[in-house]
Amino acid sequence: MDGDVTAAGLLSGDLGNIGNILAAISALGLAAFGLVDATKVFGGGASRMGFGFIEGALAPFLDAIVAANGAAGATARVLIRETVLANWLNGVAKAEQKAAAKALINLHLNGQTAPIFARHTGLDEPALKSAAEALAKGTDLNEAQLGALGRFNTIVSATLDMAYERADQAYRNASKLTAGVIAVVLSCAAGAIIFTSGEKPQPIGAYLGSSDFYLALLIGVISTPIAPIAKDISTSLSGAVGALARIKR
């Protein structure tokens with residue numbers, strides 16, 4: 001009986017230690033993501049990651065607006081870009097962001113911009129210009145005009161879909177990479193503090209290349225991908241420890 005109790009105690013202790021390690025990894029990963037998110041106060045910081053794809057997709061349309069409207073077009077270009085950027089930085093729902101960007105492009109579809117838009121999208125210039133002029137006058141569109149306008153909207157939607165998907169992927173990947181680097185730095189720094197200020201403090205030079213350094217490095221590397229699930233695993237292990245303790249009473 002004593003042997004069983006001892007075995008259970010050891011097992012419970014191991015599970016508890018694993019739970020503590022997972023909790024520490026989760027905290028480290030969340031802290032790293034928190035620091036990445038905190039960079040947003042510096043002109044958008046990490047939130048700007050990926051926006052280049054959106055800006056690149058909008059550029060031909062914005063250039064057309066400037067070419068067709070001169071100084072007024074330049075002002076419109078700035079307003080459109082800043083509106084789209086604000087939506088991106090604030091994390092507005094992606095579908096709403098794309099809808100807003102598309103609406104801003106369509107708002108500037110007129111007889112002057114239509115030929116340039118058509119050349120960029122590979123559409124028939126006279127057909128798109130005719131459709132834009134009919135829209136501006138508020139007259140009914142014929143079948144050819146409706147077809148030209150439908151094709152234009154389809155191309156704009158596809159262009160924005162591609163841009164936002166690539167931007168979102170770039171943002172997520174860059175954020176994870178940045179958080180990973182921060183997590184490694186924090187983990188190694190914490191390991192150095194513990195190594196040099198424990199019961200038997202050792203010089204910092206001995207830390208580099210030691211097993212403690214590599215353990216801290218490993219924890220930092222795995223903390224970023226594990227952070228979202230480590231809390232759940234830790235909670236499950238704590239429950240298992242509690243269950244074992246109740247069984248042996």
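Bear in mind that the values here come from a model prediction, so they are computed numbers and not experimental data. Every heavy atom of this structure was used, including side-chain atoms; hydrogens, water molecules and symmetry mates were not.
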Pair up each side-chain donor or acceptor in residues 41-48 with any protein partner under 3.5 Å, not counting sequence neighbours, and list the distances.
residue, atom, partner, partner atom, Å
Arg48, NE, Gly43, O, 2.5

Partner set under side-chain contact (heavy atoms from CB on, under 4.5 Å) for Ala76, not counting sequence neighbours: Ile65, His108
Taking only residues two or more places apart in sequence, or in another chain, which ones meet Phe53 in a side-chain contact (heavy atoms from CB on, under 4.5 Å)? Arg166, Ala167, Ala170
Determine yes or no for a side-chain-to-main-chain donor-acceptor pair under 3.5 angstrom, with Glu125 supplying the side chain and Ala118 the backbone. no
Distance col, row Ile80:CD1 vs Ile105:CD1, nearest 0.5 angstrom, shows 7.5 Å
Hey, are the side chains of Leu217 and Cys188 touching, using non-hydrogen atoms and a 4.5 Å cut-off? yes
Distance check, rounded to the nearest 0.5 Å: Arg119 atom CZ versus Leu128 atom CG? 11.0 Å
May I have the step-by-step check of side chain to side chain donor-acceptor pair (under 3.5 Å) for Ser157 and Lys98, ending in yes or no? CA-CA 8 Å; Ser157 295; Lys98 289 187 282 189; over 6 Å; no
What side-chain donor-acceptor pairs closer than 3.5 Å can you find for residues 146-156, not counting sequence neighbours?
residue, atom, partner, partner atom, Å
Asn153, OD1, Asn106, ND2, 3.2
Asn153, ND2, Leu149, O, 3.3
Thr154, OG1, Gly150, O, 2.9

Which atom pairs, donor and acceptor, lie under 3.5 Å between side-chain atoms of residues 136-143 and protein residues at least two apart or in another chain?
residue, atom, partner, partner atom, Å
Thr139, OG1, Ala134, O, 3.3
Asn142, OD1, Ala144, N, 3.1
Asn142, OD1, Gln145, N, 2.7

Could you list all the ring pair (Phe, Tyr, Trp, His ring centres under 6.0 Å) pairs where at least one residue sits in residues 62-82, not counting sequence neighbours? none
Suppose we screen for side-chain contact (heavy atoms from CB on, under 4.5 Å). Which residues come up paired with Ala206, at least two apart in sequence or across chains? Phe195, Gln202, Pro203
Tell me, do Lys94 and Glu165 make a side-chain contact under 4.5 Å, heavy atoms counted? yes
Does a side-chain heavy-atom distance below 4.5 Å link Glu55 with Trp88? no
For residues 60-69, the salt bridge (Lys or Arg N to Asp or Glu O under 4.0 Å) pairs (sequence neighbours left out) are Asp63-Arg77
Do Arg81 and Leu58 have side-chain heavy atoms sitting under 4.5 Å apart? no
Treating Ile, Leu, Val, Met, Phe, Trp and Tyr as nodes and any side-chain heavy-atom pair under 4.5 angstrom as an edge, say whether Phe117 and Val66 lie in one connected cluster. no
The reported gap from CG in Asn87 to CG in Leu104 (rounded to nearest 0.5 angstrom) is 8.5 Å
Would you kindly confirm whether Leu123 and Leu160 end up in one hydrophobic cluster when ILVMFWY residues are joined by side chain heavy atoms under 4.5 Å apart? yes
Could you work out, with salt bridge (Lys or Arg N to Asp or Glu O under 4.0 Å) as the rule, every residue matching Glu133, not counting sequence neighbours? none
Would you list the pairs meeting side-chain hydrogen bond (donor to acceptor under 3.5 Å, both in side chains) in which at least one residue belongs to residues 203-217, sequence neighbours left out? none
Of all residues at least two apart in sequence or in a different chain, which pass the salt bridge (Lys or Arg N to Asp or Glu O under 4.0 Å) check with Lys129? none
Within the side chain of Ser187, is there an N or O that forms a donor-acceptor pair under 3.5 Å with the backbone of Ala183? no
To the closest 0.5 Å, what do you measure between CE (Met49) and CG (Leu177)? 8.5 Å
Single-linkage hydrophobic cluster, 4.5 Å side-chain cutoff, Leu35 and Ile219 together: yes
side-chain contact (heavy atoms from CB on, under 4.5 Å) involving Asn110 - partner list, sequence neighbours excluded: Gln112, Thr113
For residues Thr121 and Phe61, determine if any side-chain heavy atom of one lies less than 4.5 Å from a side-chain heavy atom of the other. yes
In this structure, would Val92 and Phe51 fall into the same cluster of hydrophobic residues linked by side-chain contacts under 4.5 Å? no
Can you check whether Glu82 reaches Leu79 side chain to side chain, under 4.5 Å on heavy atoms? no
Is the shortest heavy-atom distance from the side chain of Ile182 to the side chain of Leu186 under 4.5 Å? yes
